[in-house]
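Convention: sequence-line order gives letters A, B, ...; per-chain numbering from 1. Only a predicted model underlies this, so the values are computations on that prediction, with no experimental measurement involved.
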2 protein chains.
Amino acid sequence: MTAQRRVVAEVLDGEHVHLTADEVHSRAVDKLPEISRATVYNTLGELVSLGEVLEVATDKRAKRYDPNAHRPHHHLVCAQCGAIRDVHPTGNPLADLPDSERFGFAVSEVEVTYRGTCPNCAAA
Amino acid sequence: MTAQRRVVAEVLDGEHVHLTADEVHSRAVDKLPEISRATVYNTLGELVSLGEVLEVATDKRAKRYDPNAHRPHHHLVCAQCGAIRDVHPTGNPLADLPDSERFGFAVSEVEVTYRGTCPNCAAA
DNA sequence: AGCTTGATTTAGACATTGTCTACTCTAGGG
DNA sequence: CCCTAGAGTAGACAATGTCTAAATCAAGCT
Ligand SMILES: [Mn+2]
Ligand SMILES: [Mn+2]
Ligand SMILES: [Zn+2]
Ligand SMILES: [Zn+2]
């Protein structure tokens, strides 16, 4: 555990955290000015390999890094401002995919992304 | 309707078509060698604005362009080879998101991505 | 403490994907 | 036939991500 890894872990701590690599880097620099972009990317990659952090693709640009890897969940995204909340829908979407719609695939995972407008953006 | 736009439309014709912009460009060049990357991006952007084509983010790299914009559907993706099929699950995932999990958002849309292994990759 | 060694970090080159701008080309109206 | 507006083009630029070579560091050994 080096200072660099500790700082990345600190930046990723919390609820509803879904930062891009550059956002992680920028916040890490605030705490440890000499940390490099490459180290942030390397550390994020290691955390993903270890299963401690998830990559999510809720926007169509940069990957986002999600420390909430141990409680399965889905995402609710504001189409205006990009705010992201973790959500726990009821029901199992896997059960909603009939065999006739599986094309012979062995299906193991589902990602659900809800989109809408957050209260802030609705007020504005 | 110019030759360039016709070629982009031809490339995007068919079922289960989910090409990246560069794949569209590369196939367009086979039919019309002088077509430029910028024109492909411009045309794809226009088709998306018109609602004729959807952008999907099934992989975490490039956006994919989906001409099946008129029949709502979701996607089944092979984690090995990236093959993508259109699927039509039963049930309405919107109904599975209770009010207590909406955080005051006005939710209007859901994307569901199933992941697994396609028959080809399972055989290999 | 000083040395050795392997792992970690760093800077920056490079790659991929996407956007933008200035210029050229072309089709169609006068 | 000209003029013009829209369309297309080449290439610069931007954003995101990957890779490599060199510097640095930490840990064990003497
Ligand atoms: Mn999350
Ligand atoms: Mn599709
Ligand atoms: Zn918002
Ligand atoms: Zn496959």
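Atom CZ of A:Arg27 is surrounded by 12 or fewer heavy atoms from other residues, nucleotides or ligands within 6.0 Å.
A:Ile84 and B:Leu94 end up in different hydrophobic clusters when Ile, Leu, Val, Met, Phe, Trp and Tyr side chains are linked at under 4.5 Å.
Between A:His18 and A:His73, the ring planes are tilted. Angles from 30° to 60° get that label.
Grouped by direct or indirect side-chain proximity (heavy atoms under 4.5 Å, Ile/Leu/Val/Met/Phe/Trp/Tyr only), B:Val7 sits with B:Val8, B:Val11, B:Leu12, B:Val17, B:Leu19, B:Val24, B:Val29, B:Leu32, B:Ile35, B:Val40, B:Leu44, B:Leu47, B:Val48, B:Val53, B:Tyr65.
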Checklist entry - Taking protein heavy atoms under 4.0 Å as touching, what does nucleotides 7-24 of chain C look like 5' to 3' if B marks base contact, S marks sugar-phosphate-only contact and - marks none? => result -SSBB-----SBBB----

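Between the NE2 atom of B:His25 and the P atom of D:dG8 there is a distance of 13 Å, given to the nearest Å.
With contacts defined as side-chain heavy-atom distances shorter than 4.5 Å, the pair A:Phe105/B:Cys78 qualifies.
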